[in-house]
There are 2 protein chains.
Amino acid sequence: MTYTLAMNEPTILKIDPQQDIASQLRKVGITPTQQRVQIAEILFSRPRHMSADQVLAMVNRDGPIASKATIYNTLGLFARKGLVREVIVDPSKVFYDSNTAVHHHFFNEDTGELTDIPSHELLLTRLPELPPGTEAAGIEVIFRLRSQDAAS
Amino acid sequence: MTYTLAMNEPTILKIDPQQDIASQLRKVGITPTQQRVQIAEILFSRPRHMSADQVLAMVNRDGPIASKATIYNTLGLFARKGLVREVIVDPSKVFYDSNTAVHHHFFNEDTGELTDIPSHELLLTRLPELPPGTEAAGIEVIFRLRSQDAAS
DNA sequence: CTGCTTGCAAAGGCTTTGCAGAACA
DNA sequence: TGTTCTGCAAAGCCTTTGCAAGCAG
């Protein structure tokens with residue numbers, strides 16, 4: 001049962017919003033363009049779950065900074081580099097999670113809201129054997145929720 | 001920790017491919033049209049994970065039976081009635097799982113293949129407290145896999 | 001300079017929708 | 001016969017792509 005560790009270890013890359021963003025991006029092999037730095041500032045100001053659209057809106061809140069294509073390029077790049085995690089819970093769009101620590105999610109299907117499950121509140125025991133010829137790339141646990149008062 | 005039970009119990013609706021499909025559909029409040037019966041026959045011939053596209057292809061293998069619109073209508077209907085479970089693991093398409101028993105999945109990102117995790121091979125202990133005002137609608141555990149030889 | 005990035009618009013893929021004709025009860 | 005369902009094509013959404021202009025080092 002060591003593959004969970006082997007799997008998560010290399011992903012723990014973290015951007016500290018207090019430090020210089022540009023040099024942190026360089027450190028992980030990303031050329032720090034103006035757009036990338038601004039996107040990183042938003043994503044890593046605190047742990048967030050954002051769709052590409054939300055990032056686009058927030059980046060350009062005070063004037064045009066980055067185009068839609070650049071948002072997608074950058075989010076994809078950050079994901080490949082392990083700075084954000086893609087969370088697939090909604091068939092209509094991908095969420096990008098700037099919290100790279102091991103944790104899981106609640107997804108409220110009524111509100112579309114994605115929230116963290118504190119990792120100590122969930123325990124996975126007895127992990128399954130992986131199919132032959134495969135290696136673990138990630139574990140996701142999603143609790144789908146409904147708002148109690150919602151008229152389904 | 002009783003909400004897991006409360007959550008899964010109502011979903012255990014099962015179509016037996018050996019019995020008359022039409023009357024089983026009626027029993028859950030679905031008018032058994034020719035198209036729906038044929039789609040059900042494919043889905044419930046055995047536990048399956050299929051995309052809408054795959055269902056479309058298989059239904060029409062021996063001549064035109066159902067259109068794309070009807071496939072989507074029917075799969076959505078079956079999902080609402082609890083006959084199939086929607087599995088969201090691939091941002092590009094939804095999978096429909098005709099196995100309604102409680103279980104979890106491996107998803108091979110290289111091959112796009114979705115397979116079951118025998119439920120006894122995975123144990124969730126210490127379930128999280130749900131956010132106030134919400135109720136559980138489902139739990140999903142997804143192990144993302146890579147093929148070991150794949151050139152990422 | 002030289003290559004990597006950006007941005008625009010167009011294209012793509014999956015899913016939904018509108019509406020006329022057909023099937024079900 | 002009234003209601004529900006089907007099918008076609010068009011529309012919608014999110015995401016990707018092509019390519020010329022711009023920026024980083």
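Chain identifiers are assigned alphabetically (A, B, ...) following the order of the sequence lines, protein sequences preceding nucleic acid strands; residue numbering begins at 1 within each chain.
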Spacing of [X] atom [atom1] relative to [N] atom [atom2], expressed in whole Å:
X	N	atom1	atom2	result
A:Arg80	C:dC4	CZ	C1'	13 Å
B:Lys68	D:dG7	NZ	P	13 Å
A:Phe95	D:dC14	CZ	P	11 Å
B:Asp53	C:dG12	CG	C1'	14 Å
A:Gln38	C:dG7	CD	C1'	16 Å
A:Asn73	D:dT16	CG	C1'	9 Å
A:Lys81	C:dC4	NZ	C1'	13 Å
A:Asp90	C:dC14	CG	C1'	14 Å

State which of [options] makes the closest approach to the side chain of [X].
X	options	result
B:Lys93	C:dC8, C:dT17, C:dT15	C:dT15
A:Thr70	C:dT17, C:dA25, C:dT6	C:dT6
A:Ala66	C:dT15, C:dG7, D:dT6	C:dG7
A:Ala52	C:dT17, D:dT17, D:dT15	D:dT15
B:Thr31	C:dT6, C:dT16, D:dC5	D:dC5

With a 4.0 Å cutoff (strictly under), does any side-chain N or O of [X] reach OP1 or OP2 of [N]?
X	N	answer
A:Tyr72	D:dT16	no
B:Thr33	D:dT6	yes
A:Gln35	C:dG7	yes
A:Arg36	D:dA24	no
B:Ser92	C:dC14	no

Heavy-atom pair of closest approach, residues B:Ala136 and B:Leu130
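Heavy-atom minimum between the residues: N-CD1, 3.5 Å.
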
Which heavy atom of A:Ser147 sits nearest to which heavy atom of A:Asp110, and what is that distance?
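Nearest pair, atom of A:Ser147 first, then A:Asp110: N-OD2, 2.7 Å.
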
Mutual orientation of the aromatic rings belonging to A:Phe106 and A:Phe143 [parallel < 30°, tilted 30-60°, perpendicular > 60°]:
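Geometry flag for A:Phe143 against A:Phe106: perpendicular rings.
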
Name the orientation class of the two ring planes belonging to B:His105 and B:His49 (parallel below 30°, tilted from 30 to 60°, perpendicular beyond 60°).
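B:His105 and B:His49: perpendicular rings.
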
Within the 4.0 Å heavy-atom criterion, would you say A:Ile65 contacts the bases, only the backbone, or no part of the nucleic acid?
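Here A:Ile65 touches the backbone only, sparing every base.
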
Is it true that A:Glu109 and A:Arg146 make a salt bridge, defined as a side-chain N closer than 4.0 Å to a carboxylate O?
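Judged by the 4.0 Å cut-off on N to carboxylate O distance, A:Glu109 and A:Arg146 do form a salt bridge.
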
